[in-house]
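Letters go in sequence order (proteins before strands), and every chain restarts at 1.
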Amino acid sequence: MSKVNPRTPKGFRDFLPADMLKREYVMNTVRDVFQTFGFEPLQTPIIELQETLFGKYGEEAENLIYSVSHGRGSKEALSMRYDLTVPLARVVAQYESSLSFPFKRYQMSPVFRGERPQKGRYREFYQCDVDIVGVADTSADAEVIAVVVTALKRLGFPQFTVKINHRQLLTAIGQYSGVPDAQLPDLYRSVDKFDKIGADGVGRELEERGIAPDVVRRMLDLITQQRPGTGNLDFLESALGDLEAARVSIAQLRGLAVDLEDAGVTPDDYAFDLTMVRGLGYYTGPIFETVITEPNIGSISGGGRYDDLIGLFRRESLPTTGVSLGIERIIDLMDVFALYPDDIGGTVVQALVTVFDESTRRDSARLAARLREGGIRTELFMEDKKLGKQFNHADKKGVRLVAVIGPDEAAQGVVKLKRLADGHEQVVALADAVASARQLLDLR
RNA sequence: GUGGGUGUAGCUCAGUUGGUCAGAGCGCCUGGUUGUGGCCCAGGAGGCCGUGGGUUCAAGUCCCAUCACUCACCCCA
């Protein structure tokens with residue numbers, strides 16, 4: 001039997017303990033914020049019926065959905081989930097009688113896309129979604145935006161902006177400018193690259209796609225306004241207020257601004273940006289995206305209102321809005337901005353209890369039990385090695401406190417505690433071991 | 001799907017016009033230190049030079065193919 005080269009499939013990753021501690025810190029912080037806003041946890045299977053997923057994302061995205069099979073074949077065509085939104089729609093339709101509406105849920109789970117991986121993009125990655133099902137009013141949109149803003153602030157992000165736009169407003173602008181309906185998707189796709197290629201680039205690309213130059217210029221004039229507050233809305237209202245779609249969507253965004261203020265989201269945190277477009281086709285109303293501009297790293301959250309999606313699983317749809325945190329990118333940026341607290345080391349272990357020799361092994365084991373009882377995460381050394389090796393093990397792993405019980409200590413009923421950071425040592429009675437250890441570790 | 005880049009020790013990499021080119025740093029192991037980590041010193045283990053073919057007296061080095069990894073584009077988180 002030849003040895004197998006150890007590796008993961010392309011685009012799939014392992015997370016070693018030091019990474020997991022960071023990821024769990026971020027996820028726990030975010031989860032706590034979600035619950036603070038009253039969102040409930042939901043878990044759905046990694047595998048869905050193919051029919052559940054197909055026809056929801058568009059033909060191109062469908063090619064990226066993983067199919068699943070097993071040795072005996074399968075009567076059912078199965079796929080791995082592509083996002084968490086479509087499974088949510090399925091759950092809502094399937095369990096509506098046992099859910100309370102408005103239904104507010106969060107889910108943090110891996111999703112799978114068979115794309116070619118590159119920096120910050122993987123085939124398995126976590127999505128972190130909050131959605132509100134059953135509320136058509138913009139107060140729901142404001143709440144999911146407030147969740148994002150709160151989570152990012154709690155994680156310590158110094159500066160970010162939630163860009164807000166409206167799907168129908170964008171359509172109205174396109175139609176007003178004279179873009180043929182059939183080319184509206186092209187319009188979205190090009191405008192979406194505004195940050196990257198600028199107004200000139202967008203204009204050039206649209207003209208290459210066959211849209212008349214004067215149409216392009218009129219459209220760009222409308223979307224490139226950069227007025228603070230609701231200034232962009234005022235401008236658009238006077239420019240195309242007689243269009244029904246424009247009037248309605250502008251009114252909604254004005255309502256959203258008021259709701260945001262009530263939710264504690266200040267105008268510093270967001271901006272109405274007519275150049276922001278979301279890729280997915282199912283959005284129907286306000287759309288949002290959070291960007292960090294200092295290093296121009298792209299978006300770290302995105303979402304919007306998708307009032308029709310649940311209708312694909314149910315006679316009548318339900319108004320729904322939600323947002324997804326780009327947790328993988330956020331985790332990368334935590335390192336860039338050095339936002340992790342100091343006490344996230346490379347290990348969960350706070351104290352290592354050494355074993356001097358066979359004669360003291362039981363004393364060490366009992367000390368370890370005592371420390372654990374006292375709420376200290378404790379490792380009992382497992383091998384027969386010299387003390388120096390045991391200290392080395394603690395140091396390399398990042399354990400901050402080492403306990404020694406040799407024959408002398410055992411005879412006197414004491415333990416020697418050493419803090420590795422500064423080499424400080426103290427000998428305490430076994431009965432005081434927990435209190436002293438906690439003190440040396442700065443635990444309360 | 002398109003276009004670049006890179007494959008040499010566990011890791012990061014050096015290796016000149018083809019000819020002592022099998023190397024460095026870090027890590028690992030042993031000892032200096034038989035009751036104490038980091039720092040220092042001495043020693044040691046570890047490599048089919050991605051794989052297959054070709055050119056040559058001679059290939060880590062040149063050529064072809066192939067696989068893997070990686071970056072960017074398309075698209076997206």
Practice item. Could you state the atom-to-atom distance from NZ of A/Lys386 to P of B/rU33 in whole Å? Key: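 One finds 11 Å between P of B/rU33 and NZ of A/Lys386, rounded.
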
Report which part of the nucleic acid [X] touches: base, sugar-phosphate, or nothing (heavy-atom distance under 4.0 Å, all strands).
X: A/Arg116; answer: base
X: A/Ala403; answer: nothing
X: A/Gly388; answer: sugar-phosphate
X: A/Glu409; answer: base

Check your understanding: Taking OP1 and OP2 of B/rU30, is either one under 4.0 Å from a side-chain nitrogen or oxygen of A/Lys389?
Key ->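 Affirmative; the distance criterion is met.
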
**Study point:** N/O (side chain, A/Lys10) to phosphate O (OP1/OP2, B/rC69) under 4.0 Å
**Key:**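 Yes, such a contact exists.
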
Review point. Using centres under 5.5 Å plus planes under 30 degrees as the test, is A/Phe356 stacked with B/rG35?
Key: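 The ring of A/Phe356 is not stacked on B/rG35.
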
**Study point:** A/Glu62 atom CD, over 12 foreign heavy atoms within 6.0 Å
**Key:**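 It does: A/Glu62 CD has more than 12 such atoms within range.
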
Check your understanding: Just checking, any donor-acceptor pair under 3.5 angstrom between side chains of A/Glu289 and A/Ser301?
Key ->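 Result is no, nothing qualifies.
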
Exercise for review: Could you tell me whether A/Glu51 and A/Arg90 have a side-chain N and a carboxylate O separated by less than 4.0 Å?
Suggested key: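 Answer for the salt bridge query: no.
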
Review point. Between A/Phe34 and A/Tyr106, is the ring centre distance below 6.0 Å?
Key: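 Yes, ring centres under 6.0 Å apart.
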
